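Nothing here was measured: the structure is a model prediction, and the numbers come from that model. Any value given below was found using the heavy atoms of this structure, including those in side chains, with hydrogens, waters and symmetry copies removed.
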Amino acid sequence: NSNSDIRLFIDELLLVLDKDSKGLLAENHTGATFAFPPKHVSSLLSIILINYNNDGIDTLNTKLCLFIYVIMDMSLRTLDNIEGPNGIQRIQEAFSFGKKFARYMNVEERMLDALTALWLLDCGVELTRAVGLLLRPNVQLEPSWPMSVIKALADHRVEASDAFKYYTALRPKLRTMDDALLIIRVFLQNNLWQHAFQEQRFICNGVSMDIASTTTINANGTGDGILSSNSSNVREDVWISGARPHDIGKTRIVLLSTIFDYFFQMSLVEDHTESTSSGLGINNHMLAKLIALPLTDREEQVLVQYLVQRYRTDVRELIYMTLLIHYYLKRNRVQEAICIEGALHTILASIGTDGTAILSRNEMKAQHVLLDEHLYTLPPPSVAQIRNAQEMARRRGWEYFEQM
């Protein structure tokens with residue numbers, strides 16, 4: 001009643017009703033297979049009686065759950081703001097109505113707990129209480145439901161702390177790529193980017209790790225390190241048996257791109273008064289963390305493609321290629337860095353933009369590398385090779401990035 005966008009439980013419940021019951025719920029709803037709430041109370045009463053003698057106990061319980069749901073939902077019909085001052089009291093009254101009917105009809109307590117929790121999800125209120133009910137030992141949902149619950153929790157609250165709690169408590173297996181993307185989203189909504197980064201690895205590899213694994217603590221003691229890949233607390237395959245086959249390469253691109261987007265989004269809201277030694281020409285330590293990620297070769301390829309594609313949308317915006325240059329410099333891969341800079345000069349010259357200060361001397365000092373001075377420390381053959389590569393990149397311009 002309060003949130004038409006999220007109707008997790010009632011939609012699923014209506015799907016399992018028998019044909020005749022759906023017909024009654026579709027009464028006076030033109031073109032509808034079924035509808036909620038029903039137009040008449042008599043329609044709701046009738047579905048309990050339909051084929052009662054032939055219905056199994058599961059089917060009867062389904063209909064009783066529908067009835068309890070309606071009782072609780074209709075009790076809030078006159079409430080304009082479910083989160084207002086009177087909301088908590090009215091919700092408690094709704095619980096009382098549903099519980100009285102459940103006891104009268106001998107509905108099991110575990111079913112009432114699950115029903116109440118899912119109704120709260122549909123209403124979008126008291127989500128922490130809903131999670132507590134769903135995590136009770138006697139409540140066991142169908143295998144396909146936990147991921148739907150996580151999505152509802154994540155959609156209701158931006159920080160998604162309840163979704164994180166529910167996921168880490170149950171660790172449901174993934175069925176589709178959407179499930180994998182949802183889990184990464186939940187981590188990021190809780191600002192757990194290091195866990196999200198590690199989780200995408202285990203998702204792509206087919207195994208997962210307990211979230212409580214020890215993290216690598218940075219020298220400053222902030223605990224922003226990446227989860228240790230040597231942890232022995234590894235659980236079984238994260239994908240359910242018989243899950244839809246997924247392209248690992250595509251999965252990696254989607255998940256990593258979501259994580260990279262997070263870094264750029266956070267760079268817009270970070271405290272710019274905080275000092276940073278990133279040398280990126282901007283006062284933002286989140287982007288410094290992005291290029292400091294310990295990437296594998298395949299992950300690095302995704303990052304390169306990500307930055308190139310973002311640069312493609314606006315070739316006057318140099319932050320993306322500047323980040324890539326710094327990424328290579330942090331790994332002492334001077335040839336790649338100087339080639340990118342050379343290609344950038346050609347691109348900027350072609351659009352009439354001065355690119356002489358793509359990287360300032362101060363930025364280079366911050367990375368402890370000055371390209372020209374660094375070359376003097378190398379053997380002449382290496383210098384010649386780097387200069388030739390730079391000249392080749394300058395001649396190719398944008399074509400140089402096409403191959404990355």
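The aromatic rings of Phe187 and Tyr167 sit perpendicular to each other, their planes meeting at more than 60°, with 30° as the lower class boundary.
Nearest heavy atoms, Leu287 versus Ser267: CG-CB, 3.9 Å. Contact detail for Leu112 and Gly98: the closest heavy-atom pair is CD1-O, 4.3 Å. Residues Ala337 and Leu329 come closest through the heavy atom pair CB-CD2, 3.6 Å. When all heavy atoms of Leu182 and Met147 are compared, the closest pair comes out as CD2-O, 3.7 Å. Considering every non-hydrogen atom in both Ile203 and Ala180, the closest pair reads CG2-CB, 3.8 Å. Residues Met72 and Trp119 come closest through the heavy atom pair O-CZ2, 3.6 Å.
Side-chain atoms of Gln200 come within 3.5 Å of backbone N or O of Phe197 as a donor-acceptor pair. In this structure a side-chain-to-backbone donor-acceptor pair under 3.5 Å is present from Ser350 to Ile347.
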Task: From CA spacing to verdict: side chain to side chain contact (heavy atoms under 4.5 Å, CB included), Thr346, Tyr400 - done: CA-CA 10 Å; Thr346 299; Tyr400 176 80; over 6 Å; no

Open item on the list: Working note: Tyr327 + Leu295, criterion side chain to side chain contact (heavy atoms under 4.5 Å, CB included); need CA distance, chi angles, decisive distance, verdict.
Closed with: CA-CA 11 Å; Tyr327 173 84; Leu295 304 180; 3.8 Å; yes

Task: Arg312 vs Trp398, side chain to side chain contact (heavy atoms under 4.5 Å, CB included): CA-CA, chis, key distance, verdict - done: CA-CA 9 Å; Arg312 189 192 302 272; Trp398 184 257; 3.6 Å; yes

Open item on the list: Apply side chain to side chain contact (heavy atoms under 4.5 Å, CB included) to residues Asp261 and Arg310 and explain how you reach the verdict.
Closed with: CA-CA 10 Å; Asp261 284 341; Arg310 293 200 66 152; 3.6 Å; yes

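Interatomic distance, Gln92 CD to Glu126 CD, rounded to the nearest 0.5 Å: 6.0 Å. In this structure, CD in Glu391 is found 10.5 Å from SG in Cys339, a value given to the nearest 0.5 Å. For the atom pair Arg110 CZ and Asn138 CG, the distance stands at 8.0 Å (nearest 0.5 Å). Going from atom CZ of Phe101 over to atom CD1 of Ile68 covers 6.0 Å, rounded to the nearest 0.5 Å. Atom NE2 of His195 sits about 14.0 Å away from atom CD1 of Ile183, to the nearest 0.5 Å. Interatomic distance, Leu133 CG to Asp113 CG, rounded to the nearest 0.5 Å: 5.5 Å.
Under the 6.0 Å cut-off for aromatic ring centres, Phe260 and Tyr320 do not qualify, their centroids lying 6.0 Å or more apart.
The closest side-chain heavy-atom distance from Leu153 to Leu121 is below 4.5 Å. No side-chain heavy atom of Ile259 sits under 4.5 Å from any side-chain heavy atom of Leu290. Under the 4.5 Å side-chain criterion, counting only non-hydrogen atoms from C-beta, His326 is in contact with Thr322. Val149 has its side chain within reach of Tyr166: a pair of non-hydrogen atoms, C-beta onward, lies under 4.5 Å apart. For the pair Lys165/Leu135, a side-chain contact is recorded, criterion being any heavy-atom separation below 4.5 Å from C-beta on. Proximity of Ile340 to Leu344: side-chain heavy atoms (C-beta onward) are separated by under 4.5 Å at one or more points. Between Phe95 and Arg129, some side-chain heavy-atom pair lies under the 4.5 Å cut-off. Within the 4.5 Å cutoff, side-chain heavy atoms of Met321 are placed close to those of Phe401.
Glu300 has no carboxylate O lying under 4.0 Å from a charged side-chain N of Lys330, or vice versa, which leaves the two without a salt bridge. Using a 4.0 Å cut-off between charged side-chain N and carboxylate O, Asp155 and Arg185 make a salt bridge.
Within 6.0 Å of CZ on Arg103 lie no more than 12 heavy atoms contributed by other residues, nucleotides or ligands. Around atom CD of Glu93, more than 12 heavy atoms belonging to other residues, nucleotides or ligands sit under 6.0 Å away. The neighbour count for Arg333 CZ, taken as heavy atoms of other residues, nucleotides or ligands under 6.0 Å away, is above 12.
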